[in-house]
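Take a look at the structure below.
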Amino acid sequence: MASATTFPSPSADFVLIDGGTFQMGSPESEDWRSNDETQHLVTLSPFFMAKYEVTQRQWREITGKNPSTFTGDSLPVESVTWLEAVEFCNALSKRDGRTPAYTVADGGLTVSWNRAANGYRLPTEAEWEAAARAGTATPFYSRKVPGADDANFYAHYPYQIEQNYFHDEVLETRPGVYRGKTVAVGSFAPNPNGLFDICGNVGEWCFDYYADYVVSTSSTTVAQTNPTGVASGTRRVYRGGGWNDFGKNLRSAYRAAMQQDSSAYNVGLRLALNADDSTAGIVTTREEATAKTRTGKSLIVYYSWSGNTRGVAKEIARQTGFDTIELELEKPYSTNYNTVLNEAQRDQHAQARPALKTKITREKWAEYDTIIIGYPNWWASIPMPIATLLESYDFSGKTILPFCSHGGGRFGQSLTAIAKLAPKAKIAAGLSVHYSGGSSLGKDVAKWLEKNGVKK
């Protein structure tokens, strides 16, 4: 790397991120860490990274379209798939006279990256984390827990509020305003590397397929130099958290994942470029098959505490006639609101798997190719009974249609939780319902079913 030829910065909108070695992932002592954040040393070549997330103006100039849920030229583009992000990088490269980094084949099933190309590209997951950390080893680059004045996120729920919900005065950062939408890029101070909105606003697509880090074998530690992730998978990584994410999901080590042909109103992209000629070769990635089962039958299975999710499930059943199962626990949560908040937070914090009283035989499960899963959005994720469900049954080849009831955060990171726990299933478009859905519930359900091609 020391003898590599350095490239000039493409423009003032990019900053140089120095190469070197850093500790990727989080220590086991980090609060709200996930098991997929195993710490390991990574060495990177220097690279350029855009100061800002790609805006809707930039996207429209290249593609002629704007898919975003929240519209405005200076807002980050969102609701773009990983494949669309890759095509955008190539188109922008061609416009600027650069060599496109990617080759897309087989209808998007195969994507190859020419690592020597000087074109625009997505950062690797390791590059993104190194750029976000800016030399820190703390949960956030700021060392101080970010609040509403530091980032655009669901600031009613700053880091560590879950276990301090009824006495938030002990928190380093107290709850703040929740904007409930994206804001103009660059609205907050940058991190020490000069990157704006690296936490919050929208999550940012990375190149890698999602998988556990390959950090060692049975006999040796695996060298991690300019890693690009596994060669095949079913989910692509995105990082940084978005406007509707809790503080815990803004951590530098937090990993989110989604299918490469899916999009979300809180996921966009940030551009990267090679800063020297120290990397070369072709990295070829291949999308693994998910949905295969074809029985023609669908099952509605849900967990409900207050009754909101149950009401949505009943409306889906009314419109479809599908079989329906409500999950019950061997040891039910308390019926008291304050108590169940503590119980639910405790289980999620410990990643517990509460035992289900509800049992479905293997033969019965095999009858269904589509599983419609419902749940309340608890602490920006799935309730742990849903985690138990996902780990108790074989979802390989099945299609999951998720729906949730929520108090303002829509899906939060619940879809990522499902994606990680059921990696061999296809996840279709979801439905998020505010509390009980109100008078529009029937129409909202009907529109969602139609979008997913569900035959009633």
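Atom set for the values below is all heavy atoms of this structure, side chains included, hydrogens, waters and symmetry mates excluded.
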Residue of the set His349, Glu343, Gln348 for which side-chain contact (heavy atoms from CB on, under 4.5 Å) holds with Gln345: His349

Least distance between heavy atoms, Phe411 atom then Asn377 atom: C-ND2, 3.7 Å

Arg133 to Phe22 six-membered ring, cation-pi geometry met (6.0 Å, 45°): no

Side chain Ser414, main chain Ile382, donor-acceptor under 3.5 Å: no

Pairwise distance CG(Asn338) to OH(Tyr165) - rounded to 0.5 angstrom: 9.0 Å

Between Arg33 and Ser26, a side-chain donor and acceptor under 3.5 Å: yes

Lys359 atom NZ, neighbour heavy-atom count above 12 within 6.0 Å: yes

Reported CG-to-OG1 distance for the pair Leu421 and Thr416, which is rounded to 0.5 angstrom: 10.5 Å

Qualifying residues under ring pair (Phe, Tyr, Trp, His ring centres under 6.0 Å), relative to Tyr435, sequence neighbours excluded: none

side-chain hydrogen bond (donor to acceptor under 3.5 Å, both in side chains) partner of Gln413, the single match among Asn244, Asp245, Asn249: Asp245

Working for salt bridge (charged side-chain N to carboxylate O under 4.0 Å, His left out), residues Arg239 and Glu204: CA-CA 5 Å; Arg239 291 291 207 109; Glu204 300 167 10; over 6 Å; no

Check: Tyr141/Ser252 side-chain N/O donor and acceptor closer than 3.5 Å: no

Test: Lys248 cationic atom under 6.0 Å from Phe153 six-membered ring centre, within 45° of axis: no

Approximate separation, where rounding is to 0.5 Å, of Lys443 NZ and Glu315 CD: 12.5 Å

NZ/NE/NH1/NH2 to OD/OE distance under 4.0 Å, Asp208 and Arg236: no

Between Tyr303 and Glu326: side-chain donor-acceptor atoms closer than 3.5 Å: no

Exercise: do Asn336 and Ser334 side chains pair donor with acceptor under 3.5 Å: no

Partner of Ile427 by side-chain contact (heavy atoms from CB on, under 4.5 Å), out of Ile418, Thr234, Thr399: Ile418

Short N-O contact, Arg60 and Asp73, less than 4.0 angstrom: yes

Residues which pass ring pair (Phe, Tyr, Trp, His ring centres under 6.0 Å) with Trp243, listed by chain and number, not counting sequence neighbours: Phe70, Tyr265

Any donor-acceptor N/O pair, Gln58 side chain to Thr55 backbone, under 3.5 Å: yes

Straight-line distance of Tyr302 OH to Ile372 CD1, nearest 0.5 Å: 13.0 Å

Phe14/Phe48 aromatic ring centres below 6.0 Å: no

Distance-only donor-acceptor check, side chains Lys144 and Thr173, under 3.5 Å: yes

Donor on one side chain, acceptor on other, Thr124 and Thr228, under 3.5 Å: no

Side-chain (Ser93) to main-chain (Cys89) donor-acceptor, under 3.5 angstrom: yes

Whether Asn266 side chain and Gly203 backbone form a donor-acceptor pair below 3.5 Å: no

Residue list, ring pair (Phe, Tyr, Trp, His ring centres under 6.0 Å) with Phe188, at least two apart or on another chain: none

Approximate separation, where rounding is to 0.5 Å, of Tyr210 OH and Arg255 CZ: 5.0 Å

Crowding at CD, Glu61 (>12 non-hydrogen neighbours, <6.0 Å): yes

Over 12 foreign heavy atoms within 6.0 Å of CD, Glu330: yes

Donor + acceptor pair across side chains of Glu288, Tyr209 (<3.5 Å): no

Side-chain donor-acceptor contact under 3.5 Å, Thr69 with Ser79: yes

Minimum heavy-atom distance Thr81-Gln260, with the two atoms named: CB-O, 3.3 Å

Any donor-acceptor N or O pair under 3.5 Å, side chains Gln163, Asp31: yes

Side chain Asn152, main chain Lys181, donor-acceptor under 3.5 Å: yes

Pair Asn274, Arg121: side-chain N/O donor-acceptor within cut-off below 3.5 Å: yes

Ring-ring centroid check Tyr178 Tyr154, cutoff 6.0 Å: yes

Within the 6.0 Å centroid threshold, strictly below: Phe88 and Trp59: yes

Flag, side chain of Ser34 to backbone of Asp36, donor-acceptor distance under 3.5 Å: no

Plane angle bin for Tyr102 and Trp113 - parallel if under 30°, tilted between 30 and 60°, otherwise perpendicular: tilted

Test log, rule side-chain contact (heavy atoms from CB on, under 4.5 Å), inputs Val340 and Trp378: CA-CA 11 Å; Val340 77; Trp378 277 1; 4.2 Å; yes

Nearest heavy atoms of Leu401 and Ala428, plus distance in Å: CD1-CB, 3.7 Å

